[in-house]
Number of protein chains: 2
Amino acid sequence: MNSEFNIAVHCLTLLSLKEERMANSEEIAKSVCTHPARIRKVLGLLRKQGYVTTKEGVGGGYLLNPGTEKVTLGDLYRLLARGSLKPSWCSGGEELPCEVASNIEGIMDQIYSGGEAALERYLDGITLTDVIKQIEEAGSAANPT
Amino acid sequence: MNSEFNIAVHCLTLLSLKEERMANSEEIAKSVCTHPARIRKVLGLLRKQGYVTTKEGVGGGYLLNPGTEKVTLGDLYRLLARGSLKPSWCSGGEELPCEVASNIEGIMDQIYSGGEAALERYLDGITLTDVIKQIEEAGSAANPT
DNA sequence: ATTACTGTAATTATATGGTTTACAGTTGCT
DNA sequence: AGCAACTGTAAACCATATAATTACAGTAAT
C-alpha cells in the first residue's frame, strides 16, 4: 500500500507526544525522514478532515486537534490509501473472446473489494491511542526510570 | 498488491475450464493479455507447488493437476504476493534521536503483518472452485440456453 | 517591511513492474 | 539424426508510479 498512510500515523502520534501538541513541517519531516513539502501535502489532507489545525505565518505549524487520538487506522486508511489492494495492472479484458478473459476482471474486482473490507475491519480496531501507547512503552523500556 | 497473484488465479481457472485441462504459454498469454514469458514464470512457481505439471517439447504446455481446484486464493496469495501490504518506503529510522522515529518502524511492521493476516483469512475462504463457478455463471448469463 | 511559515503545483530523479528478446534445454515427429 | 515446437530462465529494455526537490504565491507575527 501507499506510504502516505504510514506518514499520517507517524505525524499524528508525533504531534500527540509533543508538548503543546504542535510542530512545523520541517521538524516533522526530520522525524519522518522525508521532505517538508511531502509532510505539508499529507497534513493538508488531515486538516480537511479536522484532525489538525494549521497555523500559517511566523511561528506557525500544525496543531493536533482534541479528540484526534480516537481516530482509527481504518479512518486514515480510507482517507489516504483506499483501493491500494488492487494492482494497477490486471489480467484479461472485456473485449477478448475467451470466457475467462472477459469475466475475470469483474470477479477479481469483487475479491479485491472484499479483501479491502477485511483489512479495514482490522484497521478499525486500532486507534491512534494504541499506537501512541506502544511508542511510550518502547521508549520507557529503552530508558527505564 | 502484486499482479502475479491475479495471473495465477487466471491461469488456473482457465486450465480448469479447458477440455483436457491443458494449454501452452502462448495460448494462456493471449487470454491473460501478457507475454508468454511471464506466464511461464508464474506457472513455473505453480509447478513447484504441485498445482500444475509441465510438459516440455512439441505439443507441450501446462496441465492442471487433479485436486488443484481445492486450492484457496490464500494459498496463492502466500505463494505470490505475501508481504505486499507493507510499502517499500516507510517512515522513521532506528538511528534517529526522535522517540517516534526510532520506534515507529517496528510498530508499523506489526500492523502490516496483522493486516496481512486478516487479508489471508479472507482469501482462505475463497477456493478456485468458487472463482470457476462464477466464471461459468457469468458465461451462461451472457449466452443463455 | 521582513521573516518564517503553509499551500500547491511543476519538475526531476529513482524505483518498480511489465515487456521483450535471447538462447539453452527438452521432446515428438519424420 | 535433425527439425520443429515447446518450456526455463536471465538479461535488457521501456513505461509507469512514487518520492524528492524546486519554486513561488499567500499568510501572519514582529
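The chains referred to below are lettered A, B, ... by the order of the sequence lines, with proteins before strands, and numbering in each begins at 1.
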*Asks:* Which whole-number value in Å describes the distance from B/Arg38 CZ to D/dA10 C1'?
*Replies:* 16 Å
*Asks:* Applying side-chain hydrogen bond (donor to acceptor under 3.5 Å, both in side chains), can you list everything that pairs with A/Thr68, at least two apart in sequence or on another chain?
*Replies:* none
*Asks:* Contact boundaries of DNA chain C with chain B (under 4.0 Å, heavy atoms), 5' to 3'?
*Replies:*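 Contacts span C/dT16 to C/dG28, reading 5' to 3'.
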*Asks:* Whole Å only: how far is the NE2 atom of B/His35 from the P atom of D/dA12?
*Replies:* 17 Å
*Asks:* Provide, to the nearest angstrom, the distance between the CG atom belonging to A/Leu80 and the C1' atom belonging to D/dA19.
*Replies:*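 A/Leu80 atom CG is separated from D/dA19 atom C1' by 16 Å.
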*Asks:* Heavy-atom contacts under 4.0 Å between residues 41-62 of chain B and DNA chain C, which residues?
*Replies:*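 Heavy-atom contacts with DNA chain C come from B/Lys55, B/Glu56, B/Gly57, B/Val58.
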*Asks:* For DNA chain D, whose closest nucleotide is more 5', that of B/Ser88 or that of B/Ala37?
*Replies:*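 Nearest nucleotide further toward 5': that of B/Ala37.
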*Asks:* Would you kindly give the CD-to-P distance between A/Glu4 and D/dA17, to the nearest whole Å?
*Replies:*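 Roughly 15 Å, once rounded to whole Å.
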*Asks:* With sequence neighbours left out, write down each residue that passes side-chain contact (heavy atoms from CB on, under 4.5 Å) with A/Ala101, or none if nothing qualifies.
*Replies:* A/Leu96, A/Cys98, B/His10, B/Ser31
*Asks:* Quick one: list whatever passes side-chain hydrogen bond (donor to acceptor under 3.5 Å, both in side chains) with B/Ser140, sequence neighbours left out.
*Replies:* none
*Asks:* Please identify each residue that fulfils side-chain hydrogen bond (donor to acceptor under 3.5 Å, both in side chains) with B/Glu27, with sequence neighbours left out.
*Replies:* B/Lys18
*Asks:* Check DNA chain D against residues 6-20 of chain A and give the residues with a non-hydrogen atom under 4.0 Å, in numerical order.
*Replies:*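 The stretch gives none, as no residue of it lies under 4.0 Å from the strand.
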*Asks:* Who passes side-chain hydrogen bond (donor to acceptor under 3.5 Å, both in side chains) against B/Tyr51, sequence neighbours left out?
*Replies:* none
*Asks:* In whole angstrom, give the distance that lies between atom CD1 of B/Ile39 and atom P of D/dC6.
*Replies:*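 Answer to the nearest Å: 15 Å.
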*Asks:* Does anything in residues 118-128 of chain B form a side chain to side chain donor-acceptor pair (under 3.5 Å)? List the pairs, not counting sequence neighbours.
*Replies:* B/Thr72-B/Asp124, B/Arg78-B/Glu120, B/Arg78-B/Asp124, B/Thr127-B/Asp130
*Asks:* Measure from the side chain of B/Ser25, starting at C-beta and using heavy atoms only, and say which of D/dA20, D/dT9, D/dT7 lies closest.
*Replies:* D/dT7
*Asks:* Take atom CZ of A/Arg40 and atom C1' of D/dT21, then tell me their distance rounded to the nearest Å.
*Replies:*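 Distance check: A/Arg40 CZ to D/dT21 C1' gives 11 Å.
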*Asks:* For residues 32-55 of chain A, pull every pair meeting salt bridge (Lys or Arg N to Asp or Glu O under 4.0 Å), keeping only residues two or more places apart or in separate chains.
*Replies:*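 Passing the test, one end in residues 32-55 of chain A: A/Glu4-A/Lys41.
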*Asks:* Among residues two or more places apart or on two chains, list those pairs meeting salt bridge (Lys or Arg N to Asp or Glu O under 4.0 Å) that have a residue in residues 104-118 of chain B.
*Replies:* B/Lys86-B/Asp109
*Asks:* Mind checking whether A/Leu128 and B/Tyr112 sit in one hydrophobic cluster, side chains of I, L, V, M, F, W, Y counted as touching below 4.5 Å?
*Replies:*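 Linked, A/Leu128 and B/Tyr112 end up in one cluster.
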*Asks:* Is there a side-chain contact between A/Leu46 and A/Leu76 (heavy atoms, below 4.5 Å)?
*Replies:*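 They are in contact (side-chain heavy atoms under 4.5 Å apart), so the answer is yes.
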*Asks:* Sort and list the pairs that fulfil side chain to side chain donor-acceptor pair (under 3.5 Å) and have at least one residue in residues 94-103 of chain A, not counting sequence neighbours.
*Replies:* none
